[in-house]
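First the structure, in the form of structure tokens, and then the observations on it.
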Amino acid sequence: MSASATEDSRPAAVAASAALAALDLFALGRQAAAARDARWNRRGFFTRTRDPEAQPIVPFPFTNGESDAERLARLATIAAAVPAPWGVMPAPVGEPFGLDTLRCFALCRLALPQVPHLLADVAALGPRLAQMAFGFGADEIHAPIVAERALRLGANANNPALTRKEAVTLIRGAGLTPCERMADGSLQEVAP
Amino acid sequence: MSFAAIRDKVRAGEPLSLADGVALYEHPNFIEVGTLANEVRERLHGDRTFFNRNMHINATNVCEASCMFCSFARLKVGDEGAYTMTHEEAWGRLRARVAAADAITEIHIVNGLHPGLPFDYYTELLAGLKRIQPAIHLKAFTAVEIFYYAKKYGMSVAEVLTRLRTAGLDSIPGGGAEIFAPRVRKKICDDKCTADEWLDVHRTAHQMGLRSNCTMLYGTIETVEERVDHMLRLRALQDETGGFQTFIPLAFHPDNNALMKLPAPTGVEDLRTYAVARLMLHNIPHIKAYWIMLGVKTAQTALWFGADDLDGTVQEERIYHMAGAETPQVMSPAEIVRIIRNAGRTPVERDTLYNVVAEGAALASDKPFRRDVRRSLEVVS
């Protein structure tokens with residue numbers, strides 16, 4: 001992008017940023033979910049075998065207390081990347097709050113229209129908040145998919161792994177159609 | 001009925017039907033349901049979000065009932081993990097809070113159905129707590145306990161309540177309702193009072209001028225219809241007596257109990273249940289997101305899905321922690337205030353009866369979370 005193009009786009013970016021920051025949680029969530037659905041038709045993804053070269057994921061660290069404007073400024077850097085990353089994954093630093101996290105997801109989806117995937121990381125968010133993120137623009141759950149569920153007791157209490165059935169349940173429970181990304185990159189919807 | 005038609009009914013203040021409640025549960029977009037619930041929540045309370053300073057005393061976990069979802073109870077004295085506090089032990093919990101200048105306004109007391117204690121154990125427990133702190137509000141004994149005492153000690157429910165009240169009882173917690181559907185109760189809690197008996201204890205209490213709360217355990221084997229039916233039965237009693245203050249949906253925790261093979265409710269299911277409850281229970285003033293059970297992040301999010309109360313500072317909760325809850329056992333008022341403010345809401349410290357204790361500048365100021373709470377925020381979803 002040329003320097004003049006950057007100069008020219010700044011007022012528009014500031015205006016867009018102010019417009020997003022003015023939205024309440026539900027309005028932001030609705031817009032983000034609509035943007036996700038326009039691209040993915042109410043599908044939510046999971047994968048057992050991720051190819052990090054073909055599917056590069058950029059983490060987006062965020063901290064409680066940051067303003068929308070600060071986040072949007074950092075997201076603009078990701079938005080300017082050529083080529084666009086395959087996916088972005090919000091990564092809380094410090095104490096994530098529920099609502100702040102969901103707002104961050106919505107901002108990511110709306111500020112990064114050229115990034116195909118917005119991933120909810122079960123290890124960082126826990127399965128409950130990760131599932132809620134589907135209502136705020138996320139389209140993929142990021143977790144190791146394992147064959148058998150281990151009881152989450154004692155030292156295993158925070159094991160982020162999900163079984164395929166759990167991943168499907170979380171996605172379907174959020175109102176989306178679960179869709180598995182296969183090893184060859186093809187997508188397979190999971191029948192009810 | 002379409003979502004638009006339900007929305008029109010809600011906006012017109014019309015009670016929703018069983019079919020409406022089921023439709024809200026089945027609506028594909030939980031954000032839409034949440035938005036409507038939030039509209040009602042803000043119509044009733046604006047941004048105000050309530051909490052109190054309280055402590056829990058679970059004086060005994062010896063319990064004749066063998067509810068399949070319970071991780072707290074031990075069937076007999078002497079079973080591994082079984083305990084019964086002496087009065088001095090229970091009173092000592094309060095003395096410690098008083099000595100720490102901790103301005104709690106409520107003690108929440110819930111116990112197992114102990115077959116070997118005399119009734120005086122309970123009256124003296126209350127009387128002793130009142131002697132230590134006369135102004136403390138004692139919210140004690142679920143309807144299940146009160147019904148059990150009536151049967152065991154050969155009294156009517158009204159007599160039990162009268163004697164407990166004389167000893168210091170101020171109001172009744174909402175626990176023990178589980179799910180009213182007989183099909184479910186028969187499978188998961190067959191040996192405690194029936195739905196009608198539970199409701200009748202609350203009816204009697206309300207007629208005597210006592211206030212109470214009500215709950216619903218969700219996420220075991222009940223259907224969506226059974227959840228909505230449960231709410232409708234509570235709503236009908238509220239129409240009759242007006243004595244319920246708060247409805248508290250309680251999510252099933254699957255660890256350390258006979259239903260551990262069932263999955264826990266998901267986050268979206270939690271939020272949807274809060275939202276449906278707010279919409280169905282138009283005549284119950286408050287919906288409480290019990291952070292101990294939901295986890296702090298989900299409880300905070302529920303403040304936009306119909307809930308207007310976060311419960312209190314708690315301390316020493318045992319029932320959910322024995323079922324695998326990973327939340328801390330206490331939060332300071334400043335921590336609760338911070339969570340509420342971070343949600344874009346206005347914190348209000350209340351007493352048990354929802355009288356305002358402090359708000360605005362009079363509330364505890366923000367301070368960093370303690371280490372144990374910070375860790376819990378990182379791991380609890």
So for A:R42, is it side chain, backbone, both, or neither that comes closer than 4.5 Å to the heavy atoms of chain B? side chain
Judged by atom type as modelled, is there a donor-acceptor pair below 3.5 Å linking the side chain of B:K297 to the main-chain atoms of A:L125? yes
Do A:D100 and B:N342 have side chains that approach each other closer than 4.5 Å (heavy atoms only, starting at C-beta)? yes
Please flag which part of A:L176 lies under 4.5 Å from any non-hydrogen atom of chain B: side chain, backbone, both or neither. neither
Which distance, rounded to the nearest 0.5 Å, do you find between the CD1 of B:I31 and the CG of A:L25? 7.0 Å
Between chain B and each of A:G175, A:G135, A:G173, count heavy-atom pairs under 4.5 Å; write down the option with the most. A:G135
Side-chain (A:R128) to main-chain (B:L294) donor-acceptor, under 3.5 angstrom: yes
Please round to the nearest 0.5 Å and tell me the distance separating atom OG1 of B:T301 and atom CG of A:L99. 4.5 Å
If you measure from CD on B:E39 to CZ on A:F26, what distance do you get to the nearest 0.5 Å? 10.5 Å
Is any side-chain heavy atom of A:T101 less than 4.5 Å from a side-chain heavy atom of B:Q300? no
With the side chain counted from C-beta on, respond yes when A:R30 and B:T35 share a heavy-atom pair under 4.5 Å apart, and no when they do not. yes
Would you give the length of the straight line joining atom CD of B:E269 to atom CD of A:Q131, rounded to the nearest 0.5 angstrom? 8.5 Å
To the closest 0.5 Å, what do you measure between CH2 (B:W304) and CG (A:L102)? 12.0 Å
Relative to chain A, which of B:D270, B:L303, B:N29 shows the most heavy atom pairs under 4.5 Å? B:D270
Taking the six-membered ring for Trp and the single ring otherwise, decide whether the centroids of A:F134 and B:F30 are under 6.0 Å apart. no
